[in-house]
Structures are given as C-alpha cells and as structure tokens.
Amino acid sequence: MARAYWLLKSEPDVFGYADLERVGTEPWNGVRNYQARNSLRAMKVGDQALFYHSNANPTGVAGVVKIVRAAYPDDLQFDASSPYHDPRSKAADPRWSMVDVAPLLAFPQVLTLGALRGLPAWAASPLTQKGTRLSVVPVTPPQFRAALKAAGVRLP
DNA sequence: GCCAACGTTGGC
DNA sequence: GCCAACGTTGGC
C-alpha cells in the first residue's frame, strides 16, 4: 500500500508545530467528528501529514509530521475531567480514535492558506472551500508535492 | 470579537 | 424521520 497523505489542524496557541518538536511524539487526541475520525482510522504508520495552524496569524501549514502509531482508542473520551469526555462512548466499543505523530520537517515559514488557495492542486480540497471545518483532511500526492514545492522544501 | 457555516442533539 | 435549536469551528 502506498503511503498516504493527510492534513492535521491544530491551534498553535494550544499545540503548535514547535510544541511537537519539543515533545517529540504526541497522541493526536480530541478529534470528535466522525469524518475526521474515519480519516484517523485510515492512517498507517509511515503516512505523512501537513501540520496546519488554524486560528493563527498566519494560518497555514507549519511543517510535516509522520504517523508513528496507527489508530487506537482516544483515552480522553473516558476521562470525565476532560473537555473531550464522551459519556456515551463504551470501553468495549470506543467511539473515538487517535494516532501518534512525530515531527518530520519544519517549514522555514508558514505556507499560508492564501498561498495554498493559489495552488491549482488545492482547489478541490475541503480545506480551501468555504464553510468546511474538517480537522483531519485527506491530501492527494499532487497536493502534497505542490505544498512542499511552494514552501521551498524537500523531505530528507 | 464577529459571524457564517456546519454537525449534532433531541422533541415530536 | 424531520428539523429547529444549539454549540462549535475557524477565517477574517
């Protein structure tokens, strides 16, 4: 199976790319949307994802991460003290999943949403379409390549 | 801070 | 099964 590509949104005020570089590996928890969860469950170790800063200045892609652990139950759904607690999720059949990610490459500067909108490959992405709030977005190989090229980077 | 757009909930 | 109300996302 070929490597797949994704885009993961995070608010840098809460957890940004620099935070991931600091901690090394991070469980991508708190996703509470079925479409996004299904994408998480489709991820394989070795897949790569664009790390996107939302609600930021500027908004855009800050770097590339790799998936280092495939989907497993998101523990916060069972944590009554967490804002991500889901009292209706059963331990025997967890509703929400998470993956582990690790940093792969920091962009020299954020590839802004406006710049992504200027790339033809990205015209069809949910990310660039008005009103879409999906926090885990599938990315096509051409989209991934175009993003790296526009950011002026290549993967090691 | 504003607000458009969206997904989810729950009454019926 | 419908759909109004609600809470949330996320760009600006």
Side-chain angles (χ1 to χ4, degrees), chain A residues 4-23 26-43 47-67 71-101 103-140 142-153:
Chain A
Y5 299 101
W6 312 90
L7 179 143
L8 297 167
K9 289 184 189 174
S10 183
E11 301 192 20
D13 289 350
V14 179
F15 189 83
Y17 192 82
D19 295 308
L20 181 61
E21 288 188 317
R22 187 166 42 75
V23 299
E26 179 77 1
W28 204 264
N29 52 27
V31 170
R32 295 293 179 269
N33 168 281
Y34 286 104
Q35 198 177 346
R37 180 207 69 182
N38 291 344
S39 287
L40 289 178
R41 289 183 176 177
M43 291 180 183
D47 282 2
Q48 296 174 354
L50 302 173
F51 192 117
Y52 180 89
H53 285 174
S54 62
N55 270 317
N57 189 15
T59 68
V61 178
V64 182
V65 304
K66 57 187 174 185
I67 309 306
Y72 60 109
D74 181 338
D75 46 10
L76 296 184
Q77 68 195 304
F78 303 120
D79 179 353
S81 69
S82 168
Y84 298 110
H85 180 230
D86 183 350
R88 303 200 296 180
S89 184
K90 302 285 186 294
D93 183 23
R95 184 178 292 193
W96 306 112
S97 299
M98 61 186 179
V99 298
D100 286 356
V101 303
L104 191 58
L105 175 72
F107 283 3
Q109 57 195 26
V110 170
L111 179 63
T112 65
L113 178 58
L116 282 173
R117 287 204 168 108
L119 303 175
W122 281 84
S125 172
L127 185 81
T128 55
Q129 284 161 18
K130 183 182 161 89
T132 305
R133 302 175 308 171
L134 199 56
S135 64
V136 183
V137 182
V139 169
T140 67
Q143 286 167 352
F144 191 80
R145 282 196 298 272
L148 291 196
K149 187 176 177 190
V153 298

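The figures here come from the full heavy-atom set of this structure, side chains too, leaving out hydrogens, waters and symmetry mates. In what follows, chains are A, B, ... by sequence order, proteins preceding strands, each numbered from 1.
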Checklist entry - Do you know which two heavy atoms are closest between A:Trp96 and A:Arg41, and how far apart they sit? => result N-NH2, 4.2 Å

Next on the checklist: Rounded to whole Å, please give me the gap between CG in A:Leu127 and P in C:dG10.
Outcome noted: 10 Å

Checklist entry - Should A:Lys9 be listed as having a side-chain N or O under 4.0 Å from OP1 or OP2 of C:dG10? => result yes

Checklist entry - Once you round it to whole Å, what is the distance between C1' of C:dG11 and CG of A:Asp13? => result 14 Å

Next on the checklist: Please report the distance, rounded to the nearest Å, between CH2 in A:Trp96 and P in B:dG7.
Outcome noted: 13 Å

Next on the checklist: With side chain to side chain contact (heavy atoms under 4.5 Å, CB included) as the test, pick out the partner of A:Phe51 among A:Val101, A:Val64, A:Leu20, A:Leu7.
Outcome noted: A:Leu20

Item to check | N or O in side chain of A:Lys130 less than 4.0 angstrom from B:dA5 OP1/OP2 | outcome: yes

Checklist entry - Which listed nucleotide (B:dC6, C:dG11, C:dG10) is nearest to the side chain of A:Tyr52? => result C:dG11

Checklist outcome for this item: When rounded to whole Å, the CG to C1' distance for the pair A:Asn55 and B:dG1 reads 12 Å

Checklist outcome for this item: Residues passing the side chain to side chain donor-acceptor pair (under 3.5 Å) test with A:Trp6, sequence neighbours excluded, are A:Asp47

Checklist entry - With a non-hydrogen cut-off below 4.0 angstrom, is A:Arg88 in contact with a base, only sugar-phosphate, or nothing? => result sugar-phosphate

Checklist outcome for this item: Rounded to whole Å, CZ of A:Arg133 lies from C1' of B:dG7 at a distance of 6 Å

Next on the checklist: What is the separation between atom CG on A:Asp86 and atom C1' on B:dG7, rounded to the nearest whole Å?
Outcome noted: 14 Å

Next on the checklist: Using whole Å, what does the distance between atom P of nucleotide C:dG7 and atom OH of A:Tyr84 come to?
Outcome noted: 18 Å

Item to check | Protein-nucleotide distance (A:Gln129, atom CD; C:dG11, atom P), rounded to Å | outcome: 14 Å

Can I get a per-line list of side-chain donor-acceptor pairs under 3.5 Å for residues 103-127 of chain A, giving both atom names and the distance, sequence neighbours left out?
residue: A:Thr112; atom: OG1; partner: A:Ala115; partner atom: N; Å: 3.0
residue: A:Arg117; atom: NE; partner: A:Thr128; partner atom: O; Å: 3.4
residue: A:Trp122; atom: NE1; partner: A:Gln143; partner atom: O; Å: 3.0
residue: A:Ser125; atom: OG; partner: A:Leu127; partner atom: N; Å: 3.1

